[in-house]
Amino acid sequence: MSTTFAEVWAIAETVDGWLLPEQGRALFEAAQRVQPGTVAVEIGSHRGKSAVIIAMGLPDGVTLTAVDPFDDPRWGGGPESLSAFQANIERAGVTDRIELFRGLSAEASSTWSGAPVGFLWVDGAHDLESTLTDFDGWKPHMAPHSFIYVHDAFSAVGTTRAILQRFWFAKNVRYIGAARTCAKFEVGDFSLFQRLVAGIKLTRRLFFFARMVAIKISRRRGWHGLERFFMMVPNEPLI
Ligand SMILES: C[S@@+](CC[C@H](N)C(=O)[O-])C[C@H]1O[C@@H](n2cnc3c(N)ncnc32)[C@H](O)[C@@H]1O
């Protein structure tokens, strides 16, 4: 019997990190669809929350390369995260499905000699330059029909800008939807009509982005009434 998402989430929710259940489900379902002969790649592993979910979803014989330098506390990384990561993937029983690249996304992509990438999960540094480096470094390694999911796509301004610069009305990457701030993109060769539809869909999502930014600013300024005004539900998460 195959593993269910409920079983996966029971383990993943005990791992420290930033991922909502609906985003975990999106990752799990994407991992299940990764084609044999390709690999999954994760940029930004922290303590292994998303790595556990992806690795547990992958079909037999498909591996996940987890890329993280584990040395930068600014982005939630640090040496103690590495030992937690190793302990968590062992506890989930997926150590043999994960290859760790201890370094930056740019180092991993520029030296990549592995199989084409069927699924790329982008959750490293969320500034514009780093996200553009992630997209530009990995795009040439993507399999012809593959998927790119991006976290904090509609809450971190740098990440949103990078998405608009590279994927808005793009020919080879189209927006297909989102689980809150987890944006889903498909890699392919799209017609003008498909590009237009995807571009309009992504444009509409910018209203969600504007709302996230408005909540963040209101919170920072202590404008609690305004913060509540922008929320759709009480204590709405910003991821
Ligand atoms: C938001 S956390 C990742 C969370 C993780 N995906 C999870 O599910 O808990 C960001 C991670 O990205 C790593 N990171 C930052 N810049 C990076 C880069 N350029 N390449 C790879 N990893 C990076 C940090 O060390 C940190 O562990």
Side-chain angles (χ1 to χ4, degrees), residues 5 8-31 40-58 64-89 91-92 94 97-112 114 117 119-139 141 147-160 162 166 179-184 212 216 237-239:
F5 177 66
V8 171
W9 188 252
I11 299 172
E13 72 176 341
T14 66
V15 178
D16 213 13
W18 303 268
L19 210 57
L20 299 171
E22 65 197 279
Q23 298 170 340
R25 184 183 288 278
L27 289 183
F28 179 66
E29 289 173 354
V41 170
E42 164 178 276
I43 303 166
S45 298
H46 189 50
R47 292 173 174 237
K49 197 179 190 82
S50 50
V52 160
I53 296 171
I54 295 168
M56 288 182 81
L58 289 174
L64 168 69
T65 298
V67 181
D68 198 310
F70 292 105
D71 68 353
D72 192 346
R74 269 183 317 161
W75 308 103
E80 74 297 338
S81 298
L82 176 57
S83 36
F85 173 84
Q86 285 162 333
N88 286 323
I89 62 170
R91 190 160 56 88
V94 290
R97 292 181 181 205
I98 298 181
E99 275 184 40
L100 179 61
F101 182 99
R102 192 169 177 197
L104 293 170
S105 166
E107 293 160 358
S109 61
S110 61
T111 56
W112 183 253
V117 179
F119 178 50
L120 177 68
W121 167 231
V122 182
D123 193 15
H126 297 315
D127 59 288
L128 173 66
E129 199 188 331
S130 302
T131 315
L132 287 176
T133 302
D134 294 341
F135 293 162
D136 295 344
W138 289 99
K139 179 81 200 321
H141 303 303
F147 294 88
I148 301 174
Y149 284 19
V150 184
H151 204 217
D152 298 295
F154 306 114
S155 57
V157 176
T159 305
T160 314
R166 292 296 185 267
R180 292 193 56 84
T181 70
C182 168
K184 309 173 192 180
M212 292 295 107
K216 267 191 188 176
L238 290 173
I239 59 170

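No hydrogens, no waters, no symmetry mates; every other heavy atom, side chains included, goes into these values. For ligands, and for the atoms within them, numbers begin at 1 and follow the listed sequence. Position 1 is the first residue of the sequence; numbering continues from there.
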* To do: Would you mind finding which of Ala125, Ser81, Ser50, Ser45 brings a heavy atom closest to atom 17 (C) of ligand 1?
  => Ala125
* Looking at Val67, which atoms of ligand 1 are within less than 4.0 Å of one of its heavy atoms? -> 21 (C), 22 (N)
* Best match, Ser109, Ser105, Gly48: closest heavy atom to atom 21 (C) of ligand 1 -> Ser105
* To do: Could you label the plane-to-plane angle of the Phe85 and Phe70 rings as parallel, tilted or perpendicular, counting under 30° as parallel and over 60° as perpendicular?
  => tilted
* Asked: Is any side-chain heavy atom of Leu19 closer than 4.5 Å to a side-chain heavy atom of Leu27?
  -> yes
* To do: Report yes if some N/O of Asp123 lies less than 3.5 Å from some N/O of ligand 1; otherwise report no.
  => yes
* Asked: Is the shortest N/O to N/O distance between Asp68 and ligand 1 below 3.5 Å?
  -> yes
* To do: Give a yes or no on whether the backbone of Phe135 and the side-chain of Arg166 come within a donor-acceptor separation of less than 3.5 Å.
  => no
* Asked: What atoms of ligand 1 come closer than 4.0 angstrom to any heavy atom of Gly17?
  -> 9 (O)
* Between Gly137, Gly124, Ala156, which one has a non-hydrogen atom sitting closest to atom 14 (N) of ligand 1? -> Gly124
* Structure fact -> Note: ligand 1 atoms sitting under 4.0 Å from heavy atoms of Leu104 are 18 (C), 19 (N), 20 (N)
* Taking the side chain from Arg180 and the backbone from Pro237, do they hold a donor-acceptor pair closer than 3.5 Å? -> yes
* Return yes if some donor-acceptor pair links the side-chain N/O of Lys49 with the main-chain N/O of Ala12 below 3.5 Å, else return no. => yes
* Asked: For Lys184 and Ala179, which heavy atoms make the closest approach, and how far apart are they?
  -> CE-N, 4.3 Å
* To do: Using a strict cut-off of 4.0 Å, indicate which atoms of ligand 1 neighbour a heavy atom of Ile43.
  => 20 (N), 21 (C)
* **Atom of Tyr149, atom of Cys182 and distance for their closest heavy-atom approach** => CD2-SG, 4.2 Å
* Asked: Does the ring center of His151 lie less than 6.0 Å from the ring center of Trp18?
  -> no
* To do: Tell me which one of Ala66, Pro69, Gly103 gets a heavy atom nearest to atom 23 (C) of ligand 1.
  => Pro69
* Asked: Do any N/O atoms on Gly44 end up under 3.5 angstrom from N/O atoms on ligand 1?
  -> yes
